[in-house]
Amino acid sequence: MSAAVTETTTDPGTESTSDDQTGRRTLRAGAFGHATALSCRECGHKVDLGPFYACPECFGPLEIVYDFPAVTREEIEAGPRNIWRYKALLPVPTDIESSPNTEPGFTRLLAANNLARELGIEKLWVKDDSTNPTNSFKDRVVACALSAARELGATVFACPSTGNLANAVAAAGARAGIKTVVFIPSNLEHPKQVNSAIFTENLVAVDGNYDDVNKLASEIAGEEEGWAFVNVNVRPYYAEGSKTLGYEIAEQLGWRLPDQIVIPVASGSQLTKVDKAFQELIKLGLVEDKPYKVFGAQATGCNPVATSFKAGVDAIRPVKPDTIAKSLAIGNPADGIYVLDIARRTGGAVEEVTDDEIRAGIVLLARTEGIFTETAGGTTLAVTKKLVETGQLDPTLETVVINTGHGLKTLDAISGQVSAAATIAPTYAAFKATGI
Ligand SMILES: *Cc1c(COP(=O)(O)O)cnc(C)c1O
Ligand SMILES: [Zn+2]
């Protein structure tokens, strides 16, 4: 799994699972469903399906291309209530349900009427991904990466992570019975560390920020045989999992696209893939073609994409993150330039908010809709509010915001904001004295 930029000669038609002469495992037929190749996002160069993520010609990121079958709404609706209902549109085998995994997805799309009133938006939905198996949207991408790791014959399932990804990898690996090793910045929130350590013996805390951890992971991936780093050497497969957020939102709206959608941005992968999902649904005739605007949300303490958007430039200048939104703290986002493209193409924007606004966003969602989100969700909420206030988001159009994680993982960020209203003696008189 170490080769990043070499082309393979694997024959997708063979049934064999034995190693070929190169020592590389031969793919079984249909290992990646209807995926046909990897294609460079920058130059279009094609590479055979395999453990590759960078273009051998220009080092651009590789992306999965497909030859989709004719898929109907009815076929999808008859599928399981998890992401595998969209398996025909993912790089996974047709028998994917029979492999142990955490079965994420098909999370609720909530009509957020109280929040809508508070923000002055006419029709607002919250896509609540905090209810996934390890309480973040990362279970989706990890389920797809696990399938790829399996098909590629990996013996170790690993990741560099800002927290949620490590939780999802550790849990999915435990269920699949594959060794996991997860790497995190050592200053990560304690609950996120425990939520990984409960599933794996191999949680490695690295003294450095996420970008340092990511660099270390790339180095290990290049040295060690058989390691599938979900967001490094199997990143093209992993990233496709985020498309299911887009598919679900469209299906849950009654096979329609929303007018506007607000999505948090760390590496930018999720935002990019939700747009890809909408485009695919249009091409497949599963939804009507219509304009929609995509908005990205960042924290001011880690705002490289928002900064470039506002400056009107195409390049991303990396930053050193310093924000309570640790799950979004990627200073050098791999898909940042594609987020800029999508926000500009669709008439959206990439906006940023301060840590205080993020805390207020967490409280706002909790008090209006009974959803406890983490700092990433607080960022998305606060950005939505700011987009309305600054006239960038049209409050008369139907809007979806994605809640990507759970507040119990980032308790420290908010515990200073909310507390017991009073501590009293166990008497009626003491209670009356509180004025509640
Ligand atoms: C990872 C993560 C994101 C952002 O994901 P990218 O695809 O890297 O942009 C958003 N929210 C939460 C809670 C996350 O863990
Ligand atoms: Zn290329």
Side-chain angles (χ1 to χ4, degrees), residues 5 7 38-47 52-63 127-132 134-142 144-145 159-169 184 188-189 192 195-196 210-211 214 230-232 235 238-246 262-276 294 296-299 302 304-305 321 323-336 338-339 342 350 358 362 372-381 383 401-410 413:
V5 291
E7 287 187 61
L38 294 162
S39 170
C40 175
R41 190 145 185 168
E42 288 298 319
C43 76
H45 182 78
K46 288 235 167 50
V47 178
F52 313 113
Y53 61 100
C55 175
E57 299 291 322
C58 77
F59 296 98
L62 296 174
E63 200 178 12
K127 177 62 173 167
D128 186 13
D129 246 23
S130 69
T131 60
N132 271 314
T134 68
N135 303 103
S136 88
F137 98 96
K138 291 295 198 304
D139 292 312
R140 297 174 183 272
V141 280
V142 166
C144 290
C159 68
S161 171
T162 57
N164 284 317
L165 184 59
N167 300 169
V169 164
I184 54 164
L188 202 63
E189 299 100 331
K192 280 191 186 147
N195 267 292
S196 286
Y210 173 78
D211 299 280
N214 191 35
V230 301
N231 51 343
V232 181
R235 186 175 179 85
Y238 154 94
E240 292 292 286
S242 283
K243 292 194 306 184
T244 59
L245 267 168
V262 190
I263 306 172
V265 172
S267 73
S269 176
Q270 176 182 155
L271 184 146
T272 310
K273 295 298 175 174
V274 169
D275 174 64
K276 187 181 183 189
V294 180
Q298 292 207 298
C302 183
V305 190
T323 170
I324 58 166
K326 292 184 192 293
S327 54
L328 302 181
I330 297 184
N332 189 10
D335 293 307
Y338 306 120
V339 169
I342 291 164
V350 187
I358 292 168
I362 294 174
F372 188 12
T373 186
E374 72 147 80
T375 46
T379 305
T380 311
L381 254 290
V383 160
V401 301
I402 300 182
N403 173 31
T404 48
H406 203 293
L408 287 174
K409 293 193 192 182
T410 59

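Values below: every heavy atom of this structure, side chains too, minus hydrogens, waters and symmetry copies. Indexing begins at 1, ligand by ligand and atom by atom, following the structure's order.
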Self-check item: Residue list, side-chain hydrogen bond (donor to acceptor under 3.5 Å, both in side chains) with Thr134, at least two apart or on another chain
Solution: Asp139
Exercise. Look at the side chain of Asn135 and the backbone N and O of His406, then say whether any donor-acceptor pair between them is shorter than 3.5 Å.
Key: no
Quiz item: Is a side-chain donor or acceptor of Asn403 paired with a backbone partner of Asp129 at a separation under 3.5 angstrom?
Solution: no
Cut-off 3.5 Å, side chains only: do [X] and [Y] have a donor facing an acceptor?
{"X": "Ser196", "Y": "Asn167", "answer": "yes"}
{"X": "Thr404", "Y": "Gln270", "answer": "no"}
{"X": "Thr272", "Y": "Asp335", "answer": "no"}
{"X": "Asn195", "Y": "Lys409", "answer": "no"}

Quiz item: Which residues pass the side chain to side chain contact (heavy atoms under 4.5 Å, CB included) test with Ser39, sequence neighbours left out?
Solution: Lys46, Val65
Hey, does [X] come in under 3.5 Å of ligand 1, counting only N/O atoms on both sides?
{"X": "Ala266", "result": "yes"}
{"X": "Gln270", "result": "yes"}
{"X": "Lys138", "result": "yes"}
{"X": "Glu374", "result": "no"}

Quiz item: Any idea how many protein N, O or S atoms are nearer than 2.8 Å to the Zn ion (ligand 2)?
Solution: 4
Got the closest protein heavy atom to [atom], with its distance?
{"atom": "atom 10 (C) of ligand 1", "answer": "Leu328 CD2, 3.5 Å"}
{"atom": "atom 8 (O) of ligand 1", "answer": "Ser267 OG, 2.6 Å"}
{"atom": "atom 11 (N) of ligand 1", "answer": "Thr404 OG1, 2.7 Å"}

Quiz item: In Å and rounded to the nearest 0.5 Å, what is the OG1 to CD1 distance from Thr162 to Ile184?
Solution: 10.0 Å
Check each atom of ligand 1 against the heavy atoms of [X] and keep those under 4.0 Å away; list them by number with element.
{"X": "Pro264", "result": "10 (C)"}
{"X": "Gly268", "result": "6 (P), 8 (O), 9 (O)"}
{"X": "Ser269", "result": "6 (P), 7 (O), 9 (O)"}

Exercise. Would you mind reporting whether Asn231 and Leu165 have side-chain heavy atoms less than 4.5 Å apart?
Key: yes
Quiz item: Strictly under 4.0 Å, does any heavy atom of Ser136 approach an atom of ligand 1?
Solution: no
Atom pairs and distances, donor-acceptor, side-chain atoms in residues 239-246, under 3.5 Å, two or more places apart:
residue, atom, partner, partner atom, Å
Glu240, OE1, Tyr66, OH, 2.5
Glu240, OE1, Lys243, NZ, 2.8
Glu240, OE1, Lys276, NZ, 3.3
Glu240, OE2, Lys273, NZ, 2.7
Glu240, OE2, Lys276, NZ, 2.9
Lys243, NZ, Tyr66, OH, 3.4
Lys243, NZ, Leu89, O, 2.7
Lys243, NZ, Tyr247, OH, 3.1
Lys243, NZ, Glu280, OE1, 3.1
Lys243, NZ, Glu280, OE2, 3.2
Thr244, OG1, Arg140, NH1, 3.0
Thr244, OG1, Gly241, O, 2.7

